[in-house]
Each structure stands twice: as structure tokens, then as C-alpha cells.
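These notes are about the structure you will find just below.
Chain naming here is simple, since letters A, B, ... match the order of the sequence lines and numbering starts at 1 in each.
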Amino acid sequence: MQLVNTNNIFAQYVEKEDIFNDKNTLSSSFIPQKLSHRDVELQQLSSMLAPVLRGYKPNNLFIYGTCGTGKTICAKFIINQLQEIVRKNGKNLRVVYINCKMKKVADTEYRLFAQLLKELGECVPDTGLPTDVLYRRFFEHVDNKATELILILDEIDTLVKKVGDDFLYNLTRSNQELKKSHITIVGITNDLSFRDNLDLRVKSSLSEEEILFKPYNAVQLKDILYERVQGGFKEGAVSDTVLSKCAALAAQEHGDARRALDLLRVAGEIAERSGEMLVAEKHIDMAQQKIDLDRVTETIRGQPSQSQAVLYAIIKLHDKPVSKGWVDKRLLTGDVFNMYANICKANNIKPLTQRRVSDLIGELDMLGVITAKVVSNGRYGRTRDIALAVKDDMLNRIRGILQERLGN
DNA sequence: AGTCCACAGGAAGGGCAGGCGA
DNA sequence: TCGCCTGCCCTTCCTGTGGACT
């Protein structure tokens, strides 16, 4: 007979030595005391916003740069600095940061202004009010407070793509109507061509100043990682070789510092779980696989059942043996739709129209799970050439998830 | 040059759930 | 309670597309 262990099951984790010092330091949202390799950009940013300290309205400003180039962190860093000096000098300044990509938060015109009002301390329902009422309340609130407002709209391209740029026009025009206040807009985007697609009226008033954030190179990434490791890990837990590898991998991904930090943090977690006190190169490889796998599987799990059925149809067609006489396997929208309809029938799901399925295929393409290229087959019509864009091990995991949900 | 195919994708609007204010 | 507003998901209708075929 086995004896019952009366020791607490968590005791081993309390007693176990920790590889991390402060894991928050390794988070991409952590704002360090000093930002390496962004001196020029920080200087530009501060000089552009500095007029606000003397009571003038700064020019509207646009920050461009690919993912993980430090746009957001620099903007937040500057906000902190600005607010610190404002607190000391008693200036009337408010800074509001909104991420326009946040689902259900600021992904529509209504939600953006509702969120703005909430940030300014007003109570707003999630739905139910006309948008112009929100506009009015927002401008009234700002004007009544007689304040300088700096509005930072991160991932602004996402919102503009979805709802158009009218809200930007209204915001930039607002300064003509406000009597006691000013609004300065700081737009952040990783879409370098974003400005070209704006309405002329918006373009001229919004992009008064611009800053471009260039990608970090491997050496710069290594410096950034080194600084974070000092606070994040116990001394000696991360070797120079490991840092170099992390930096090199992230540099390959367009100099993405966020990716570098994620790699290092996850590698540390893997090492810790396997009871090792040193992060090794093998942990970085494992971290890379884990991050990719988790990202894709979480995305798939979070999709509505109709999207899952469309993806399952694509996988089923992909798994089907190639017909005799065919050299390669090409999946077309029509084939996917037919297979999708069969899956719906088998699962008692009401099938969507081909028009809607076409949009879902486009969304899966955007997520990076498939590639769907529009091709013309001459008199055999114009369609999409669809292929899976995930590796075999990931495909097996996705297939498992979908089989669980939708059967065989 | 004209026709044809199999869609792509834009526009408009329906239906629904949920909130507000009279 | 009712009318009006919102976002969201979806359908219907329509025009456009581009290369093979006639």
C-alpha cells in the first residue's frame, strides 16, 4: 500500500531555486530606466512635444516602424517623462494612450471615443449612444477641463482600415472648435505606406511631423537583451553565446526586439521547468518552436466554429491523395466551399454562403495559417490558389484540435 | 476580338443583441 | 415599454477581373 504524502504538493516549487530575478523585466511591455539605441528618436520625440510645456500646441506627429522597433515603448517612455515634469511644474496636461488594435476596446469609431471618455474619467455605455453624442461629450469634456491633451493612437492603421479616416479628420479639426484646450495626435503604425492611403485633408493636418524607427541590428538587440538580463535573470544564468543566438534569431525577423525578449523569457521558463539553472542554446530552439506553436494553436482555438470548419475543409483537401494524372495539388475556393458544406452537414452546422466563406478564407490568410493567392485560370475562371502555411508538426496539432471539435 | 468561366470583392441592407432615454 | 441607437455577422446583388478558348 502506498503511503499518502502529506507534504504540500507546491512545497517543491517554493524550495526550488529560481532562475529569474524579476520576470517582468523581460516583458516587452516593461519600460526600463534607459532605452538603448533610441537616443536620436527620443530626442526627436521630446523636442516635438516640448512646446506643450510652454503652453503651445505641438504639431501632430506620426511614428512609423516595423514590429518590435521600439515605437510604443519610446512613446510610453516619453509620456512618463513628460508627466513627471508636468507633476513638478503643475501644468495642465493629460496624455491618453489607446491601442486601436485592442478588440472590443477601440476597434470601432464608437469604441474609440467611448474608451477616450473612460480614460478621461467619464462613464460611457459600451453601446447605445449615437456616435455624434460621444464626439460632443468628448470635446466638451476636454474643453471644460481647459487642458492640453496628447492623444497617442497606437496601431492606428488597424482602425483606419476598418472604419476609414473620418474620425481622424474630426479630431484634427477639433482644435478650431475648442476654446480653452488643444488636442495633439500622436499616431503610431507599422504600416509604412499608411500615410499614402489617407484622405488629403487628413494627411496634411495629421502628418505635420514624422519619425521613422529603423529595425535594430543583431548587435543592438544583444545590447538590449543584456540590459534586460541584468534585472531579469539571476547572475550567470544566461551566457553571452545564448544572448548572441537570441539576438541573431530576432534580427532575422526584421530586428524585432519584442521577439528577442519573448525568446529569452520563454527559454528561461523552459530551463527552469527542466530544473536547470542555466539557459542553454537548446532552450532557445525550444522556445522558438513553442512560441510559434502557441501562437498558432491559440489563434485556431479562438476562431469561431465557421472559420474552424473552413480551415478543416482546407486540411482535409490537403490530406486527400493527389488524383491520378495530377502533378501538384491545388486547392481552389470552390473545392474548399464544397468540402466545407460537407463538414457543416456532418456537424449539423448551418453553412454560410460562398461569399462569406470567401471572406473567411481571406481572414485565415491574414492570420498566416494559409496562403490564398488570387489567380486566373483563363476560361476556367478566377479563383484563389489556397495552400497551408504551417509546418507538419504544427499542422498535426491543428488537425487534432479541429478533429476534436468537428469529428472526422 | 469576343466570349466564357469561376470566382473576387464592394455595396447595401437585414436581423440580432444590447443599451439608453422618454 | 418602445423607439432609436450601436456593433456585428451575415446574405444578396452586383460589377470587375484576366487569361484560355473560339
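Side-chain contact annotation: A:Gln81 with A:Ser46, donor-acceptor N/O pair under 3.5 Å absent.
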Next item on the list: Kindly indicate, with the supporting measurements, whether the criterion salt bridge (charged side-chain N to carboxylate O under 4.0 Å, His left out) is fulfilled by A:Glu84 and A:Arg87.
Entry: CA-CA 5 Å; A:Glu84 193 183 313; A:Arg87 266 197 301 275; 5.4 Å; no
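In this structure, CG in A:Asp335 is found 15.0 Å from NZ in A:Lys316, a value given to the nearest 0.5 Å.
Remark: A:Lys76 qualifies as a cation-pi partner of A:Tyr97 under the 6.0 Å distance and 45° angle criteria applied to the six-membered ring.
In this structure, A:Arg356 atom CZ and B:dG15 atom P are separated by 18 Å, rounded to whole Å. Nucleotide C:dC10 holds its P atom 6 Å from the CD atom of A:Gln306, rounded to whole Å. Between A:Leu112 atom CG and C:dT6 atom C1' the separation is 15 Å, expressed in whole Å. In this structure, A:Asp385 places its CG atom 21 Å from P of C:dT17, rounding to the nearest Å.
Residue A:Ser376 places no side-chain atom within donor-acceptor reach of the base of C:dG19, judged by atom type and a 3.5 Å distance cut-off alone.
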Notebook entry, point to check: In the 5'-to-3' direction, what one-character label does each nucleotide of nucleotides 5-11 of chain B receive under the scheme B = base within less than 4.0 Å of a protein heavy atom, S = sugar-phosphate only, - = no such atom?
Noted result: BBBSBB-
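Here the two rings, on A:Phe62 and A:Tyr64, have centers that are under 6.0 Å apart.
Partners of A:Lys282 according to the salt bridge (charged side-chain N to carboxylate O under 4.0 Å, His left out) rule, which considers only residues two or more places apart in sequence or in another chain, are A:Glu276.
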